[in-house]
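Since the structure comes first, as structure tokens, the remarks are kept for the end.
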Amino acid sequence: MSSRRNMLAAAGAVAGTCVLGGLGWRFTHPRKALQEPDGQSRSLVLAWPSPEDDPVFIVAQERGFFSHYNLEITARPCITGHQAIDVLSRGEVVGAAAAALSWLPRLHAGVPAKLVAGLSAGTFRLLVRKNIGITKIDSVVGKKIAVLNEDAADQRFFSVLLRRKGINPSEVLWQPVSEDRIDQALDGREVDGVVLHDPDGWQLLSENQSFLAELAGSTTGNYAQRVNKVFGLSNHFLSEDPKGALAVVLALRDACRWIEKHRDETATLLSAHMPDMNDDDVKHMLAHEPAPVHLLGHWLRDQMAQYADELKLIDLLPNELDSGAFSRSICQNVLHV
């Protein structure tokens, strides 16, 4: 019994030391408090590629997540992420959405902005004509692959995949083709395939299953768990109105979380903006897309560092760049500042 009491006393002393040590750590390393919105009304303009068919923007607007934070948001529609970044860099808007593969080289070149939120995973698809011998991604060497916009994120994504296979992306014959000519170019054998993202990619594939097949994409595997579209705010807005930046990020965060739990309702909202697709079509498309991915803080920084490494493979960032330090310099966590 005496021995047992001695053991218990010793254990208590050790536990006390651990508790005090833990308290000491808390006092010397306090956790950053979550910032609170100020409730002020704001009217802001954001540059957004195709806001009419973007689930995050539609949900944030129509389910009241913007208005919940007293935000009146106007979208400045753009065709590509590059255009959205251009508008932001000219100071015409306070924020912009674009693919990470579009953002990072522009930020490295000096666009005055910070990435503050990852919004969604990618839906890039490489579609090829059947029965022409293209059975794996290596087979696209020497083939004519249509792109809607040269050097867009779609093309960059597949260039990274090719480089990982040891293939120089320049060995593919990338052919710029306007959106209204894609069907004609494929039917007329002007091109062997096309890179697109949803909803265009899904619609083209579902309507032409007899002669088109999906060769590769970002909707499965590791890339399905990666964020693609990222939201950034101008340095000026972040500095002048940090509470406004917080309100925007919280609204987008809440919209993304709602989408994650309400896929069918998201499809209903989305189909109202897509005259060529009904509710069932949109639900089917969403069922074949990655689960929602939205990131803040160090999770966003970690994935931007991964993208930086991949952009080095296609010579869009310098090899000597420290990807971790770069990602820390271009991301900001507005919830903890």
Classify the ring geometry of Tyr223 against Phe157: parallel below 30°, tilted from 30° to 60°, perpendicular beyond 60°.
perpendicular
Provide the closest heavy-atom pair for [X] versus [Y] in the form atom of the first, atom of the second, distance.
| X | Y | result |
| --- | --- | --- |
| Ser323 | Asp309 | OG-OD1, 2.6 Å |
| Ile137 | Ala216 | CD1-CB, 4.3 Å |
| Asp38 | Arg42 | OD2-NH2, 2.8 Å |
| Met285 | Leu270 | CE-CD2, 4.3 Å |
| Ile73 | Gln61 | O-NE2, 3.1 Å |
| Pro292 | Glu260 | CG-CA, 3.7 Å |

I'd like to know if the side chain of [X] reaches the main chain of [Y], judged simply by a donor and an acceptor atom lying under 3.5 Å from each other, with no hydrogens or angles considered.
| X | Y | value |
| --- | --- | --- |
| Ser239 | Asn235 | no |
| Glu62 | Leu269 | no |
| Lys283 | Arg263 | no |
| Ser327 | Arg301 | yes |
| Asp254 | Ala251 | no |
| His68 | Gly64 | no |
| Ser218 | Gly122 | yes |
| Asp54 | Phe57 | yes |

Assess Arg226 against Tyr307: is NZ or CZ under 6.0 Å from the centre of the six-membered ring, and within 45 degrees of the ring's axis?
yes
Would you say [X] and [Y] make side-chain contact, with heavy atoms under 4.5 Å?
| X | Y | answer |
| --- | --- | --- |
| Leu204 | Asp183 | yes |
| Gln303 | Val230 | no |
| Phe158 | Val172 | no |
| Phe326 | Leu317 | yes |
| Leu148 | Glu179 | yes |
| His82 | Asn149 | no |
| Val177 | Val194 | no |
| Asn70 | Gln40 | no |

[X], [atom1] atom: more than 12 neighbouring heavy atoms under 6.0 Å:
| X | atom1 | result |
| --- | --- | --- |
| Glu72 | CD | no |
| Arg90 | CZ | yes |
| Trp258 | CH2 | yes |
| Ile79 | CD1 | no |

Decide whether [X] and [Y] are clustered together by the hydrophobic rule: side chain heavy atoms of Ile, Leu, Val, Met, Phe, Trp, Tyr closer than 4.5 Å, transitively.
| X | Y | result |
| --- | --- | --- |
| Val334 | Phe65 | yes |
| Trp103 | Val160 | yes |
| Leu238 | Leu119 | yes |
| Val249 | Leu295 | no |
| Trp174 | Val128 | yes |

[X] [atom1] to [Y] [atom2] distance, which is reported to the nearest 0.5 Å:
| X | Y | atom1 | atom2 | result |
| --- | --- | --- | --- | --- |
| Leu215 | Ser139 | CG | OG | 7.0 Å |
| Asp241 | Leu44 | CG | CG | 7.5 Å |
| Leu205 | Asp200 | CG | CG | 12.5 Å |
| Leu161 | Ile314 | CG | CD1 | 10.0 Å |
| Asn319 | Leu311 | CG | CG | 11.5 Å |
| Arg253 | Tyr69 | CZ | OH | 5.0 Å |

By ring pair (Phe, Tyr, Trp, His ring centres under 6.0 Å) - contacts of His288 (at least two apart)
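His288 satisfies ring pair (Phe, Tyr, Trp, His ring centres under 6.0 Å) with Trp202, His284 once adjacent residues are dropped.
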Could you tell me whether Arg163 and Glu310 make a salt bridge, using a distance below 4.0 angstrom between a side-chain N and a carboxylate O?
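Answer for the salt bridge query: no.
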Before you tell me yes or no, could you show the steps for Arg76 and Glu92 under side chain to side chain contact (heavy atoms under 4.5 Å, CB included), namely the whole-Å CA-CA distance, both residues' side-chain angles and the distance that decides it to 0.1 Å?
CA-CA 9 Å; Arg76 173 82 173 269; Glu92 298 173 17; 2.9 Å; yes
Does Glu214 form a side chain to side chain contact (heavy atoms under 4.5 Å, CB included) with Leu127? I'd like the steps, not just the answer.
CA-CA 4 Å; Glu214 183 171 354; Leu127 311 180; 3.9 Å; yes
Testing Leu313, Ile167, Asn168 one by one against Leu162 for a side-chain contact (heavy atoms from CB on, under 4.5 Å), which residue passes?
Ile167
Listing request: all salt bridge (Lys or Arg N to Asp or Glu O under 4.0 Å) pairs with a residue in residues 128-145, at least two apart in sequence or in separate chains.
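Matches after skipping sequence neighbours: Arg129-Asp192.
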If you apply the rule side chain to side chain contact (heavy atoms under 4.5 Å, CB included), what do you find for Leu252 with Phe66, and how did you get there?
CA-CA 8 Å; Leu252 293 173; Phe66 284 141; 4.0 Å; yes
As a quick check of understanding, evaluate side chain to side chain contact (heavy atoms under 4.5 Å, CB included) for Leu186 and Val191, giving each step before the final call.
CA-CA 6 Å; Leu186 288 166; Val191 294; 3.7 Å; yes
What donor-acceptor contacts under 3.5 angstrom involve side-chain atoms of residues 104-117, with partners at least two apart or in another chain?
from   : atom 1 : to    : atom 2 : distance (Å)
Arg106 : NH1    : Asp86 : OD1    : 3.2
Arg106 : NH2    : Asp86 : OD1    : 2.6

Considering the options Thr123, Asp154, Thr219, which one meets the side chain to side chain donor-acceptor pair (under 3.5 Å) requirement together with His197?
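The residue from Thr123, Asp154, Thr219 that satisfies side chain to side chain donor-acceptor pair (under 3.5 Å) with His197 turns out to be Asp154.
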